[in-house]
Number of protein chains: 2
Amino acid sequence: MSPQETNQFPNNTEVPEIVIARLPQYLRVLHTISDSGIDVISSLQLGKQMQVTPTQIRKDLSHIGRFGKQGKGYNVGYLATELQRVLGLNKNWHVCLIGIGRLGRAILNYPGFAPEGFQIKAAFDIDTAVIGQTIGGLTIQPIDDLKDDISKHNIKIGITAVPSNMTQKVVELLTSYGITSILNYAPMYPQVQPHIKVRNVDPVLALQSMTYYLNRPTNGAEV
Amino acid sequence: MSPQETNQFPNNTEVPEIVIARLPQYLRVLHTISDSGIDVISSLQLGKQMQVTPTQIRKDLSHIGRFGKQGKGYNVGYLATELQRVLGLNKNWHVCLIGIGRLGRAILNYPGFAPEGFQIKAAFDIDTAVIGQTIGGLTIQPIDDLKDDISKHNIKIGITAVPSNMTQKVVELLTSYGITSILNYAPMYPQVQPHIKVRNVDPVLALQSMTYYLNRPTNGAEV
DNA sequence: GTTTGTGAAGTATTTCACAGCC
DNA sequence: GGCTGTGAAATACTTCACAAAC
């Protein structure tokens with residue numbers, strides 16, 4: 001396949017969402033591999049490093065294109081670039097944050113978003129005691145500015161860090177202004193239309209899904 | 001089935017992990033339903049509220065027992081209690097935290113764990129500038145105390161908030177001391193033996209799995 | 001010789017549909 | 001009449017196995 005072919009969608013079937021969710025993980029590992037000076041890697045080696053089967057890597061990648069060379073493997077830099085392109089990570093995304101409580105402040109100060117191309121351009125609250133404060137270089141605004149700021153700053157992603165009982169309302173506000181991607185930190189899962197993507201960050205739920213196994217007799221410990 | 005029967009394992013086949021991961025979500029919604037004064041709920045109503053199919057709820061619950069009444073539905077309080085029991089959430093769990101950087105501090109101050117029965121009993125770091133400080137009522141200890149503290153405080157769960165390049169080592173340390181449940185905040189997935197459970201909290205990965213859809217022509221937006 | 005990309009086979013998970021019970 | 005619990009059917013996902021490419 002010649003490089004100038006536009007092959008962003010090699011077939012007309014949907015890429016399974018579970019595959020999409022794995023691509024950023026591949027990308028991240030490719031970056032560390034690239035940093036260590038390795039130029040070419042096989043699905044076998046990559047799979048060993050990630051503890052996934054090489055077949056899964058090849059099958060996943062086959063959903064979005066053909067990036068490898070038989071007998072060789074994948075060019076690390078090229079594959080990373082292609083994954084970034086497919087995932088839309090070759091540009092910056094503008095994000096807004098709703099809810100400047102304890103958690104919201106931590107998010108504003110979290111240094112992990114910007115280097116990955118996610119820039120928090122505006123932050124909102126309803127509490128007049130918070131509005132006007134400057135945190136992490138951003139001045140907190142009243143929620144009424146949300147609509148205008150979304151278009152002004154070309155914001156495509158919303159982060160919600162408001163109390164559970166307000167989250168559904170805030171999510172509906174965001175989607176009514178055209179936001180289709182939401183990262184939700186509240187411990188409840190807002191209901192949205194199918195074309196809206198929500199990812200929930202929920203450490204308590206993660207803990208609660210492990211205690212089940214702490215209760216069992218230690219199966220597999222004989223390994 | 002009489003209540004005094006021990007039916008914690010209605011059959012000898014494994015409960016799928018994907019089912020276990022959904023049970024805490026059911027539990028959470030049941031609590032809010034209970035708070036609103038409703039005593040009995042059908043899988044249809046519950047499914048509407050959670051936007052999942054009633055069949056899935058019934059099938060999931062059937063893996064761990066029979067909790068409903070035909071023609072009626074589920075007693076909210078009873079089902080919640082049973083889910084708590086099966087998940088091991090009817091007791092407190094002792095947790096330790098490794099890594100007291102910016103993120104670790106936020107975790108120590110996060111008020112969401114304790115009400116759900118997860119108590120951070122000890123916190124560790126290797127930085128002598130941090131060791132000895134008191135944060136959120138806990139005195140930060142050197143990592144060398146980890147082994148003793150795990151047995152002293154009956155700690156069963158570890159939270160890692162150390163840099164990516166140290167996470168694998170810290171996870172191996174924890175598992176070598178008998179920890180089998182780990183909540184990992186580092187943006188890398190540590191490799192562990194099959195009987196060790198790891199849950200990763202990774203907001204950047206969550207964002208990166210949404211940008212794919214932001215790039216597409218808005219499919220489904222015609223709804 | 002090595003490794004990809006992929007149909008086919010095999011598993012896992014979800015949904016259907018209905019007997020049995022309230 | 002309404003709803004659960006569950007085999008059977010359908011769908012989704014993973015793994016196998018191998019032809020084609022290097």
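Residue numbers start from 1 in every chain, and the chains themselves are labelled A, B, ... in the order their sequence lines are given, proteins ahead of strands. Since the model is a prediction, treat every value here as computed from it, not as a measurement.
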inquiry  = Is it the case that the side chains of B:K91 and A:N215 hold a donor-acceptor pair, with the cut-off being a distance below 3.5 Å and no angle test?
reply    = yes

request  = Nearest whole angstrom, please: distance from the P of D:dT15 to the NZ of A:K59.
outcome  = 12 Å

query = With respect to the side chain of A:R58, which nucleotide from C:dG5, C:dT14, C:dG20 is positioned closest?
reply = C:dG5

note = Ranking D:dG5, C:dT6, C:dC21 by distance to the side chain of B:S62, first place goes to D:dG5

request  = Check every atom of D:dT4, C:dT6, C:dT13 against the side chain of B:S43 and return the nucleotide holding the closest atom.
outcome  = D:dT4

message = What is the distance, to the nearest angstrom, from the CG atom on B:L46 to the P atom on D:dC3?
response = 13 Å

query = Which one, D:dT14, C:dG5, D:dT15, comes nearest to the side chain of A:Y74?
reply = C:dG5

message = On DNA chain C, compare the nucleotides closest to A:G71 and A:G68; which residue's is nearer the 5' end?
response = A:G71

key: Verdict with supporting geometry, B:Q84 and B:H31, side chain to side chain contact (heavy atoms under 4.5 Å, CB included)   = CA-CA 11 Å; B:Q84 273 179 308; B:H31 281 147; 4.3 Å; yes

remark   = From the candidates C:dT3, C:dC21, D:dG7, the one with an atom nearest any side-chain atom of A:Q70 is C:dT3

ask   = Tell me: CG of B:N75 to C1' of C:dC22, nearest whole Å?
value = 15 Å

task = Report the nucleotide, chosen from D:dC22, C:dT14, D:dT14, that has the shortest atom-to-atom distance to any side-chain atom of B:R22.
result = C:dT14

Heavy-atom donor-acceptor pair, A:K69 side-chain to C:dG5 base, under 3.5 Å = no

request  = Indicate whether the side chain of A:Q168 and that of A:E172 have a donor and an acceptor atom separated by less than 3.5 Å.
outcome  = yes

message = side chain to side chain contact (heavy atoms under 4.5 Å, CB included) for B:Y189 and A:V29? Distances and angles first, verdict last.
response = CA-CA 10 Å; B:Y189 289 4; A:V29 176; over 6 Å; no

key: Comparing B:P54 and A:D60 on DNA chain D - which has the more 5′ nearest nucleotide   = B:P54

inquiry  = Looking only at the side chains, is there a donor atom on one of B:Q45 and B:S42 sitting less than 3.5 Å from an acceptor on the other?
reply    = yes

query = Roughly how many Å is it from CZ in B:R66 to P in C:dA19, rounded to a whole number?
reply = 19 Å

request  = May I have the distance from B:L44 (atom CG) to D:dG2 (atom P), rounded to whole angstrom?
outcome  = 11 Å

ask   = Quick one: A:H63 NE2 to C:dG7 C1', roughly how many Å, whole number?
value = 12 Å

task = Figure out the CD/P separation between A:Q56 and D:dA12, and round it to whole Å.
result = 17 Å

query = Taking atom P of C:dG5 as reference, at what distance in whole Å does atom CG of A:L79 sit?
reply = 9 Å

task = Can you figure out which of D:dT15, C:dT4, D:dT6 approaches the side chain of A:S42 most closely?
result = C:dT4

message = Just N and O in the side chain of B:T55: are any of them under 4.0 Å from OP1 or OP2 of C:dC16?
response = no

